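Report on the following structure.
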Amino acid sequence: MGSHLLVRLPAPPPLLLHFPQRRVTLPQSRVSPTAPLLGARLVFSPASAVRPARARGSSIGGAGEDDSDGEVDGAPRLVGEDSAAFRLGDQRVASWVYFGGILAVVLWGLNVLWIDPATGVGTRFLEAVAAVSDNHEWFNIMVDIVCATMVTMLLLTIIFAVVHSGMASLRETGEKIIGERAYRVMFAGISLPLAVSTVVYFINHRYDGIQLWQVQGISGIHELVWLSSFISFFFLYPSTFNLLEVAAVDKPKFHMWETGIMRITRHPQMVGQVIWCLAHTLWIGNSVAVAASVGLIGHHLFGVWNGDRRLASRYGEAFEVLKKRTSVIPFAAVIDGRQKLPKDYYREFIRLPYLAITALTLGAYFVHPLMQESSYQLPW
């Protein structure tokens, strides 16, 4: 009877909240998984194994509660965050209106200050990068061996990688100086133009290099490339789980995700970039595609080391637990038993953000001709 009374009470005495090591086991048949327990607001993942993450600096569990693998009573305890959790009821219309306004202003500023040849500096930036090969003898040797377009493509990728990874590494220091939102705006304001230049140059010059192989006429290759590119975006997407943070509408945070695609690999963006690069290099088959892929893959391989270093610095023991039961190579931790997938694992993907990326990826494929036509309008 005592346990029944506890369940029926709207909120027990506040003193219970001050003993995190004390566990109360409630009959599952009498407690709804979505009901508020202990008077606190909890967000439950659809997956049965999801549990709330502990704050930075806290221990993984109380004495006798979990083993070295971070498990409680045989069920994995999450030390990271539940990824792609999206509740429509928590969304504010004003925030998304604000997001739309910021996006419009950013795109307008990007066009005026960078893209438009008449007012922006993007064209002069590309001309300066391309001119580097004319001023250094060792670049001339490279051009004689390959082609100027390949060298320029590689240089653009390296410049973007150095700036992007460098600013990511300095994030914690920069946020202390100017604040999280201001640093996020500065980071995006510098990285986005460089990314646009690199992508547009690749689109406009992807067939300019030395042809190394030709497989476009082989049956099934188009379907393989399309499917690989489609899958790659499910790995690439977790870098932007919260668009409101990306636009600095919400306060930007440095997250340690653990569910969804993270159970397969804790560095999904690297895996997605590798898949995308290999697929497009296979399809195009020339030196420009190889240069772009080498630069992008190298950048993301560095990101594996740099990302682990930053997470270890920020989350300490919690990250070591996550690192132990995840892997960089997809499915490696699942195969060797370090990662135990919940029985209802598929439900971690049946969420609005993953459904949105499915729609956007399909949409991007069908508007490829429009994207290419827009790129061709620029003298890049």
Side-chain angles (χ1 to χ4, degrees), residues 41-45 52-53 55-56 80-116 119-122 160 163-164 167-168 170-200 233-234 236-257 259-262 268-269 272 310 314 348-364 367 370-371 374:
R41 182 186 181 195
L42 301 178
V43 178
F44 286 86
S45 166
R56 177 185 178 187
E81 297 179 61
D82 186 17
S83 60
F86 185 93
R87 293 178 54 174
L88 192 59
D90 292 339
Q91 305 304 306
R92 298 176 55 207
V93 174
S95 295
W96 286 102
V97 171
Y98 191 25
F99 172 81
I102 291 176
L103 181 61
V105 171
V106 168
L107 293 179
W108 175 83
L110 180 65
N111 180 64
V112 173
L113 301 176
W114 189 264
I115 296 177
D116 190 340
T119 58
V121 298
F160 169 77
V163 171
H164 189 270
M167 293 191 69
L170 296 173
R171 175 176 177 173
E172 188 168 0
T173 301
E175 288 179 344
K176 292 178 180 177
I177 298 174
I178 64 176
E180 293 88 344
R181 284 188 170 89
Y183 193 81
R184 177 69 207 178
V185 171
M186 184 179 69
F187 178 84
I190 297 175
S191 298
L192 184 59
L194 295 176
V196 169
S197 295
T198 305
V199 171
V200 171
F233 280 92
F234 284 93
L236 286 166
Y237 166 68
S239 63
T240 54
F241 268 133
N242 190 344
L243 292 177
L244 295 180
E245 287 185 27
V246 173
V249 175
D250 287 349
K251 186 176 180 180
K253 302 175 183 176
F254 185 48
H255 297 277
M256 186 173 70
W257 307 113
T259 61
I261 203 74
M262 299 295 177
Q269 191 171 21
R310 294 170 63 206
R314 173 70 64 93
E348 294 184 8
F349 292 91
I350 307 179
R351 293 174 167 180
L352 185 58
Y354 280 114
L355 297 178
I357 199 62
T358 301
L360 290 173
T361 303
L362 292 173
V367 300
L370 295 178
M371 295 168 57
S374 298

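No experiment lies behind these values; they were computed from the predicted model shown. Position 1 is the first residue of the sequence, and the numbers go up from there.
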* Please assess Phe233 against Leu360 for the test side-chain contact (heavy atoms from CB on, under 4.5 Å), listing each intermediate value before the final yes or no. => CA-CA 10 Å; Phe233 280 92; Leu360 290 173; over 6 Å; no
* To do: Compare every heavy atom of Ser191 with every heavy atom of His164, then report the nearest pair and how far apart it is.
  => CD2-OG, 3.7 Å
* To do: Mind checking the NE2-OG spacing from His255 to Ser83? Nearest 0.5 Å is all I need.
  => 11.0 Å
* With Tyr98 via side chain to side chain contact (heavy atoms under 4.5 Å, CB included) - residues at least two apart -> Ile102, Val249
* Asked: Out of curiosity, Met256 CE to Glu81 CD, how far, rounded to the nearest 0.5 Å?
  -> 8.0 Å
* Asked: Among all residues two or more places apart in sequence or in another chain, which pass the side chain to side chain contact (heavy atoms under 4.5 Å, CB included) test with Val199?
  -> Ile203
* Asked: Does the side chain of Arg351 reach to within under 4.5 Å of the side chain of Phe86, using non-hydrogen atoms?
  -> no
* Asked: Should the ring pair Phe349 and Tyr354 be called parallel, tilted or perpendicular, given that the plane angle runs from 0 to 90° and is split at 30 and 60?
  -> tilted
* Salt bridge Arg171-Glu175, side-chain N to carboxylate O under 4.0 Å -> yes
* Looking only at non-hydrogen atoms, find the nearest pair between Arg181 and Pro252 and report the distance. => CG-CD, 3.8 Å
* Would you please name every residue forming a ring pair (Phe, Tyr, Trp, His ring centres under 6.0 Å) with Phe99, sequence neighbours left out? => Trp96
* Value rounded to 0.5 Å, distance of CG in Leu236 from CD in Gln269 -> 6.0 Å
* Asked: Measuring from Glu348:CD to Asp82:CG, what's the distance to the nearest 0.5 Å?
  -> 6.5 Å
* Does a side-chain heavy-atom distance below 4.5 Å link Lys253 with Asn242? -> no
Which pairs of donor and acceptor atoms, one on a side chain in residues 103-114, lie under 3.5 Å apart (sequence neighbours left out)?
from   : atom 1 : to     : atom 2 : distance (Å)
Trp114 : NE1    : Pro193 : O      : 3.2
Trp114 : NE1    : Ser197 : OG     : 2.7

* **Interatomic spacing from OG in Ser95 to CG in Asp90 - rounded to 0.5 Å** => 11.0 Å
* With a 4.5 Å limit on heavy-atom distance, are the side chains of Ile178 and Arg184 in contact? -> no
* By side chain to side chain contact (heavy atoms under 4.5 Å, CB included), which residues pair with Val185, not counting sequence neighbours? -> Ala248
* With sequence neighbours excluded, what pairs up with Met167 under the side chain to side chain contact (heavy atoms under 4.5 Å, CB included) test? -> Val163, Tyr183, Met186, Phe187, Ile190
* Test Leu244 against every option in Gln91, Lys251, Arg92 by the side-chain contact (heavy atoms from CB on, under 4.5 Å) rule and name the one that passes. => Gln91
* Reported CG-to-CD1 distance for the pair Leu352 and Ile357, which is rounded to 0.5 angstrom -> 11.5 Å
